[in-house]
Number of protein chains: 2
Amino acid sequence: MSLRHALLGLLADSPQNGYDLTRRVEETLSGYAWSAGHSQIYPELKRMAADGLAEVVDEGSRGSKVYGVTDAGRAELRRWMFSPLSEAPARNEFVLRLFMLSSLDLPDVRVLAEQMADASDREAVELADTIKMIEDSVPPDQPHGYARFAAEFGRRWFELQRDWARWVLEQLEQAPRAD
Amino acid sequence: MSLRHALLGLLADSPQNGYDLTRRVEETLSGYAWSAGHSQIYPELKRMAADGLAEVVDEGSRGSKVYGVTDAGRAELRRWMFSPLSEAPARNEFVLRLFMLSSLDLPDVRVLAEQMADASDREAVELADTIKMIEDSVPPDQPHGYARFAAEFGRRWFELQRDWARWVLEQLEQAPRAD
DNA sequence: GCGGTCATGTAAACAGTTACATGATTGT
DNA sequence: ACAATCATGTAACTGTTTACATGACCGC
């Protein structure tokens, strides 16, 4: 149940309501870390309050409920951060497709593997641009937050995909009938 | 619904029963591509048969049902392989934790980031060993299949985690209050 | 007043995990 | 005979997605 900890982490940053949390999850986490819609977030906030990990600290102008993290919540967040990584089953469609390549005939394999590598390359280049923009917009020696972390991770991730796709293609060209 | 396509891909390789499929998903896909238990696989096979993508091609000695992929199934597999990647929401607990690092105090950040980088490094080294073993066990110029693909991906993936974790730590040390 | 965004919720459907359940075959 | 493995299923539960639903506030 990592959604709970994602919310705890965002609330630890600053108290906010469910609407803001929904946007922040979408903007800062949904790329590579976690994702959830408002219909999952509102009930979870209630449960977290019931469990004493979060509490309503303020009521916004439009009757919105601003949640903050409690001491117990902060303790739980830290406990989770230091707990052993629960090897959640990996699910990655890109990787799955590359594994399944050998079910196609060689011409198809070539076209598809190159297509996938090129798509990853385009994403990597785009993220490199994003990074440049972020770096330029923030004075040196200043912190630049989640956005920079995410972009850097994304760039490395898409480069990995691109390079691995090309490597798989090489293997299949050398020895068409793998496995 | 990628489980269906994972099964289609495995069946395209060779017809087999649900029990074998369960083991192959666990052994070859569950690391980085996809995962599912037998309780998900058996009903899905029935549905695939009902949809005309797979069919029982043989009955094994113990009354097992050996499924094979139909022409429609092969067409569907190919269609899926070439269809645009549905950006399934990324969920990665490792990445999530590194994003949440700034909720800890600096000494904790140092300890945890180093711990995580070291853990990833150990996994990368282990996979490098696995790769060496695979390469040694297969004569050169022979195909080496899924296992080698997976190990190579895993090694690159854990190296990415290791390097990115160390980079994040650097950023946080330079400017403690990110975001 | 009207459209956009803020703001919160519930319900139904689907996907995935864990637990329960059963029985046949093979090797010792 | 017994244990391990082969083999297939269902049920209950949890987590996630999509759709439905409502209303307040703000700027024009």
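Residue numbers start from 1 in every chain, and the chains themselves are labelled A, B, ... in the order their sequence lines are given, proteins ahead of strands. The analysis underlying the following values was restricted to heavy atoms, covering all of them including side chains, and did not include hydrogens, waters or symmetry mates.
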Atom OH of B/Tyr67 and atom P of D/dA7: how far apart are they, to the nearest Å? 14 Å
Please work out if B/Thr22 contacts a base, only the sugar-phosphate, or nothing of the nucleic acid, heavy-atom cut-off 4.0 Å. nothing
Nearest nucleotide by nearest heavy atom, which residue falls closer to the 5' end of DNA chain D, B/Tyr19 or A/Met1? B/Tyr19
ILVMFWY clustering at 4.5 Å (side-chain atoms), partners of B/Val57: B/Val66
Mind listing the side-chain donor-acceptor pairs of residues 36-44 of chain A below 3.5 Å, one per line with the distance, residues two or more places apart or on another chain?
{"from": "A/Tyr42", "atom 1": "OH", "to": "A/Tyr19", "atom 2": "N", "distance (Å)": "3.3"}
{"from": "A/Glu44", "atom 1": "OE1", "to": "A/Arg47", "atom 2": "NH1", "distance (Å)": "2.5"}
{"from": "A/Glu44", "atom 1": "OE2", "to": "A/Arg4", "atom 2": "NE", "distance (Å)": "2.8"}
{"from": "A/Glu44", "atom 1": "OE2", "to": "A/Arg4", "atom 2": "NH2", "distance (Å)": "3.1"}

If the helix axis at each end comes from five base pairs, how far does the helix from C/dG1-D/dC28 to C/dT28-D/dA1 deviate from straight, to 10°? 10°
Residues that A/Arg122 engages under side-chain hydrogen bond (donor to acceptor under 3.5 Å, both in side chains), provided they are two or more places apart: none
Salt bridge or not for A/Glu114 and A/Arg110, using N-O below 4.0 Å? no
Please tell me if A/Tyr42 has a side-chain N or O lying less than 4.0 Å from either OP1 or OP2 of C/dT8. yes
Expected list for residues 92-100 of chain B near DNA chain D, using heavy atoms below 4.0 Å, is none
Side-chain heavy atoms of B/Ser102 within contact of A/Tyr146, under 4.5 Å: yes
May I ask you to test the B/Phe149-A/Trp164 pair for a side-chain heavy-atom distance under 4.5 Å? yes
From CD1 of B/Ile41 over to P of D/dA7, roughly how many Å is that when rounded to an integer? 14 Å
Which pairs pass ring-ring contact (aromatic ring centres under 6.0 Å, His included) with one or both residues in residues 57-80 of chain A, sequence neighbours excluded? A/His5-A/Trp80
Heavy-atom distance under 4.5 Å between the side chains of A/Ser2 and B/Leu96, does that happen here? yes
Closest to the 5' end of DNA chain D, once B/Asp20 and B/Pro89 are matched to their nearest nucleotides, is B/Asp20
Rest of the hydrophobic cluster containing B/Met1 (Ile/Leu/Val/Met/Phe/Trp/Tyr, side-chain heavy atoms under 4.5 Å)? none
Give a yes or no answer on whether the side chain of A/Gln16 reaches the backbone of A/Leu10 with a donor-acceptor pair at less than 3.5 Å. yes
Between B/Glu59 and B/Ser64, is any side-chain donor less than 3.5 angstrom from a side-chain acceptor? no
Under 3.5 Å, is there any donor-acceptor pair linking the side chain of A/Ser39 to the base of D/dT18? yes
Roughly how many Å is it from CG in B/Leu7 to C1' in C/dG16, rounded to a whole number? 14 Å
Within the pair B/Arg91 and D/dT17, is there a side-chain N or O less than 4.0 Å away from OP1 or OP2? yes
Strand contacts (DNA chain D) in residues 26-37 of chain A, 4.0 angstrom heavy-atom criterion: A/Trp34
A/Leu21 atom CG is separated from C/dC6 atom C1', nearest whole Å, by 14 Å
Between atom CD in B/Glu44 and atom C1' in C/dC14, what is the gap in whole Å? 12 Å
Partner of B/Glu159 under side-chain hydrogen bond (donor to acceptor under 3.5 Å, both in side chains), picked from B/Arg155, B/Arg156, B/Arg162, is B/Arg155
For nucleotides 21-28 of chain C, give me every protein contact, N/O to N/O, under 3.5 Å, one pair per line with atom names.
none

Atom-pair distance (CD on B/Glu59; P on D/dA7), nearest Å: 13 Å
Can you find a pair of side-chain heavy atoms, one from B/Phe158 and one from B/Leu127, that are under 4.5 Å apart? yes
Applying salt bridge (Lys or Arg N to Asp or Glu O under 4.0 Å) to A/Asp129 and not counting sequence neighbours gives none
Under the salt bridge (charged side-chain N to carboxylate O under 4.0 Å, His left out) rule, what pairs show up with a residue in residues 70-79 of chain A, not counting sequence neighbours? A/Glu76-A/Arg79, A/Arg78-B/Asp108
Grab the CD-P distance between B/Gln40 and D/dG15 for me, whole Å please. 16 Å
Value rounded to 0.5 Å, distance of CE in B/Met81 from CE in A/Met116: 7.5 Å
Whether the side chain of B/Ser35 engages the backbone of B/Gly31 through a donor-acceptor N/O pair (distance < 3.5 Å, no angle test) should be reported. no
Measure from CG on B/Asn17 to C1' on D/dT5 and round the result to the nearest Å. 13 Å
Is there a residue in residues 46-56 of chain A whose heavy atoms reach under 4.0 Å of DNA chain C, and which residues are they? A/Lys46
